[in-house]
Amino acid sequence: GENVEQHPSTLSVQEGDSAVIKCTYSDSASNYFPWYKQELGKGPQLIIDIRSNVGEKKDQRIAVTLNKTAKHFSLHITETQPEDSAVYFCAAMGGGANSKLTFGKGITLSVRP
Amino acid sequence: NAGVMQNPRHLVRRRGQEARLRCSPMKGHSHVYWYRQLPEEGLKFMVYLQKENIIDESGMPKERFSAEFPKEGPSILRIQQVVRGDSAAYFCASSPTTQGYGYTFGSGTRLTVV
């Protein structure tokens with residue numbers, strides 16, 4: 001089955017700096033890669049996603065890049081703000097009728113004011 | 001337009017009791033997924049249901065756990081004879097499509113077994 005690895009497990013940046021979170025996946029048939037933000041005591045919230053026919057997608061301060069050959073994808077957050085502090089999860093979904101997501105273990109992002 | 005509604009938010013059960021977790025998907029979503037999250041872990045897939053059908057239960061323990069999504073009413077995740085190891089946050093998500101794009105998660109039910 002699919003295996004998603006996420007590195008590093010914690011990341012601390014200064015407010016205003018950029019943050020990059022990387023994930024790798026194992027199943028070359030995976031074709032959908034969402035990123036979720038989870039704040040304490042809340043459910044995961046979808047922040048951006050990318051499908052395998054696209055190499056990059058951007059939404060304001062957030063961007064995601066996908067390298068299908070290397071089987072890795074990354075989340076980029078620019079001009080970080082304290083409210084970006086949260087746990088971020090990457091996930092991958094297999095092709096065909098398999099619509100379950102396999103998640104990485106998450107990374108705790110801390111933005112220092 | 002309410003999101004995915006889960007209740008209760010917190011549930012405390014003694015060992016051996018039953019836990020029933022409810023999930024109402026977003027309006028217009030007929031695909032429901034249940035995930036379990038242990039402390040400092042990612043979410044683990046448990047089961048995928050459509051109305052009146054279990055599509056994929058490959059992540060659900062064979063014993064004590066069951067799920068349903070009836071024609072009317074919410075989806076139910078049922079855990080019988082709970083043990084301490086069942087303590088976790090249980091999240092439900094719904095999607096409007098078979099492909100599962102754009103999952104929306106609920107706020108979860110935090111189950112504590114004492």
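To find a chain, count down the sequence lines: A is the first, B the second, and so on, and within it residues start at 1.
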### Task
Return yes when atom CD of A:Glu79 has more than 12 non-hydrogen atoms of other residues, nucleotides or ligands closer than 6.0 Å, and no otherwise.
no
### Query
Got more than 12 heavy atoms from elsewhere within 6.0 Å of CD, B:Glu63?
no
### Task
Would you mind telling me which of B:Gly42, B:Gly106, B:Gly108, B:Gly59 has the largest number of heavy-atom pairs within less than 4.5 Å of chain A?
B:Gly42
### Message
Take a 6.0 Å sphere around CZ of A:Arg61 and say whether it holds more than 12 heavy atoms from other residues, nucleotides or ligands.
### Response
yes
### Summary
Rounded to the nearest 0.5 Å, the CZ atom of A:Phe103 sits from the CZ atom of B:Phe45 at a distance of 11.5 Å
### Query
Are A:Ile47 and A:Phe73 co-members of a hydrophobic cluster defined by side-chain heavy atoms under 4.5 Å apart?
yes
### Task
Supply the atom-to-atom distance B:Glu41 CD to A:Phe89 CZ, rounded to the nearest 0.5 angstrom.
9.0 Å
### Heavy atoms from other residues, nucleotides or ligands near CD of A:Glu83 exceed 12 (cutoff 6.0 Å)
yes
### Query
How far does OG of B:Ser95 sit from CE of A:Met93, to the nearest 0.5 angstrom?
7.0 Å
### Query
Ignoring hydrogens and geometry, is there a side-chain-to-backbone donor-acceptor pair from B:Tyr33 to A:Leu101 under 3.5 Å?
no
### Message
For the CD atom on B:Gln81, are there more than 12 heavy atoms of other groups (residues, nucleotides or ligands in this structure) within a distance under 6.0 Å?
### Response
no
### Message
Does any backbone or side-chain atom of B:Gln37 lie under 4.5 Å from a heavy atom of chain A? Answer side chain, backbone, both or neither.
### Response
side chain
### Query
Are A:Ser99 and B:Tyr103 linked by a side-chain donor-acceptor pair shorter than 3.5 Å?
no
### Message
Does B:Lys51, at its NZ atom, have more than 12 non-hydrogen atoms belonging to other residues, nucleotides or ligands within less than 6.0 Å?
### Response
yes
### Query
Does the side chain of B:Ser58 pick up a donor-acceptor pair with the side chain of A:Lys100 at under 3.5 Å?
yes
#### Entry: Proximal component of A:Lys42, with respect to chain B [non-hydrogen, under 4.5 Å]
backbone
### Query
Which bit of A:Gln6 is near chain B, if near means a heavy-atom gap under 4.5 Å: side chain, backbone, both or neither?
neither
### Task
Please flag which part of A:Pro44 lies under 4.5 Å from any non-hydrogen atom of chain B: side chain, backbone, both or neither.
both
### Message
Under 4.5 Å between side-chain heavy atoms, counting indirect links through other Ile/Leu/Val/Met/Phe/Trp/Tyr residues: same cluster for B:Ile79 and B:Ile54 or not?
### Response
yes
